[in-house]
Amino acid sequence: MLAEERRDGIVKLLRTSGAVTVNELSRRFDVVPITIRRDLEVLEERGVLSRIHGGAVSKPEPFLHRPLTARETLNQAAKVRIAKRAASMVKDGETVILDEGSTCIELARALTNHQGITVVTNGIKVAMELCPYYMITTLLVGGICSNQNYVAYGADTVEKFRDIRAHKY
């Protein structure tokens with residue numbers, strides 16, 4: 001078995017059990033404990049787990065690091081309520097800045113009844129929600145394109161946002 005295959009197996013075990021021991025992994029993968037310790041060290045450097053005496057525990061995945069597609073369906077009813085409330089605070093003719101994110105996508109949908117607003121965003125899905133509406137001007141701020149979160153980011157993106165003035169953020 002290749003090291004990466006073994007490490008993938010360790011990650012899968014951690015996802016289901018939350019914790020593993022060096023001895024348990026050594027037996028399961030039929031390798032010496034030092035090999036497992038090296039695997040755990042590599043996985044810790046990648047941010048996948050935290051090593052503890054005799055083994056490792058899974059590191060909870062930060063919500064914001066989850067792919068946007070995984071976040072879009074979580075807490076949907078709450079996001080719709082938040083979006084409707086936020087949209088009610090926007091007046092026709094205002095400029096609004098929206099970040100990427102599943103709640104911002106809902107807000108974009110809630111803004112489609114507004115007239116003459118300008119929405120500035122680095123969220124590709126946010127822009128896609130608004131582009132069909134001719135009474136809304138959508139400015140998509142560019143940058144490096146994230147392959148998981150449909151967002152433009154980076155130093156160029158931050159620099160472009162510095163010069164934009166808006167009524168609502």
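Positions are given from 1 along the sequence.
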| task | Show your reasoning for whether side chain to side chain contact (heavy atoms under 4.5 Å, CB included) applies to Thr35 and Arg6. | result | CA-CA 10 Å; Thr35 301; Arg6 188 175 55 250; 3.3 Å; yes

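- Val57 and Ala19 get closest at one heavy-atom pair: CG1-CB, 3.9 Å.
- Of the inter-residue distances, the one linking Glu129 atom CD with Ile105 atom CD1 reads 6.5 Å to the nearest 0.5 angstrom.
- Glu44 has a carboxylate O that lies under 4.0 Å from a charged side-chain N of Arg51, or vice versa, which qualifies the two as a salt bridge.
- Put simply, Leu2 and Val32 are part of two different groups of oily side chains (I, L, V, M, F, W, Y) that touch within less than 4.5 Å, one to the next.
- For the pair Lys168 (side chain) and Glu94 (backbone), a donor-acceptor distance under 3.5 Å is absent.
- Hydrophobic clustering of Ile, Leu, Val, Met, Phe, Trp and Tyr side chains at less than 4.5 Å, counting indirect connections, keeps Leu40 apart from Val42.
- By the 4.0 Å N-to-carboxylate-O rule, Arg109 lies close enough to Glu106 to be salt-bridged with it.
- Ile117 approaches Gly93 most closely through the heavy-atom pair CG2-N, 3.8 Å.
- How far CG of Leu107 is from OG of Ser102: 11.5 Å, rounded to the nearest 0.5 Å.
- Ile10 and Val22 fall within a single hydrophobic cluster, where Ile, Leu, Val, Met, Phe, Trp and Tyr are joined by side-chain heavy atoms under 4.5 Å apart, directly or via other members.
- Distance check, rounded to the nearest 0.5 Å: CG of Leu43 to OG of Ser58 gives 12.0 Å.
- In this structure, the side-chain contact (heavy atoms from CB on, under 4.5 Å) partners of Asp99, at least two apart in sequence or on a different chain, are Cys104, Asn122.
- Heavy-atom neighbours of Arg46 CZ from other residues, nucleotides or ligands within 6.0 Å: above the threshold of 12.
- Closest approach of Leu13 and Arg28 over heavy atoms only: CD1-NE, 3.1 Å.
- Looking at residues two or more places apart in sequence or on another chain, you find a salt bridge (charged side-chain N to carboxylate O under 4.0 Å, His left out) between Arg162 and Glu159.
- At distances below 3.5 Å, not a single donor-acceptor pair connects side-chain atoms of Thr121 with backbone N or O atoms of Leu140.
- A heavy-atom distance below 4.5 Å is not found between the side chains of Leu49 and Val20.
- Applying the 6.0 Å contact sphere to OH of Tyr133 captures no more than 12 heavy atoms from other residues, nucleotides or ligands.
- Residue Leu139 holds its CG atom at 11.5 Å from CG of Leu98, rounded to the nearest 0.5 Å.
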Check the pair Arg81 / Arg85 against side chain to side chain contact (heavy atoms under 4.5 Å, CB included), numbers first and verdict last.
CA-CA 6 Å; Arg81 281 194 311 276; Arg85 177 75 173 109; over 6 Å; no

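- Side-chain contact between Met1 and Val31 is absent, with no heavy atoms from C-beta onward closer than 4.5 Å.
- Taking CD from Glu4 and CG from Asp39, the interatomic distance works out to 8.5 Å, rounded to the nearest 0.5 Å.
- Closest non-hydrogen pair, Ala83 versus Ala110, comes out as O-CB, 3.8 Å.
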Quick one: do His114 and Val96 satisfy side chain to side chain contact (heavy atoms under 4.5 Å, CB included)? Show the steps, please. CA-CA 12 Å; His114 285 71; Val96 179; over 6 Å; no

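- In this structure, Glu45 does not pair ionically with Arg7, as no charged nitrogen and carboxylate oxygen lie closer than 4.0 Å.
- In Asp92, the CG atom is crowded: over 12 heavy atoms of neighbouring residues, nucleotides or ligands sit closer than 6.0 Å.
- Within 6.0 Å of CE on Met135 lie more than 12 heavy atoms contributed by other residues, nucleotides or ligands.
- A continuous path of ILVMFWY side-chain contacts below 4.5 Å connects Leu25 to Val48, so both sit in one hydrophobic cluster.
- Following chains of ILVMFWY side-chain contacts shorter than 4.5 Å, one cannot reach Val120 starting from Tyr134, and the two form parts of different hydrophobic clusters.
- From Asn23, atom CG reaches atom CD1 of Ile36 across 10.0 Å, with rounding to the nearest 0.5 Å.
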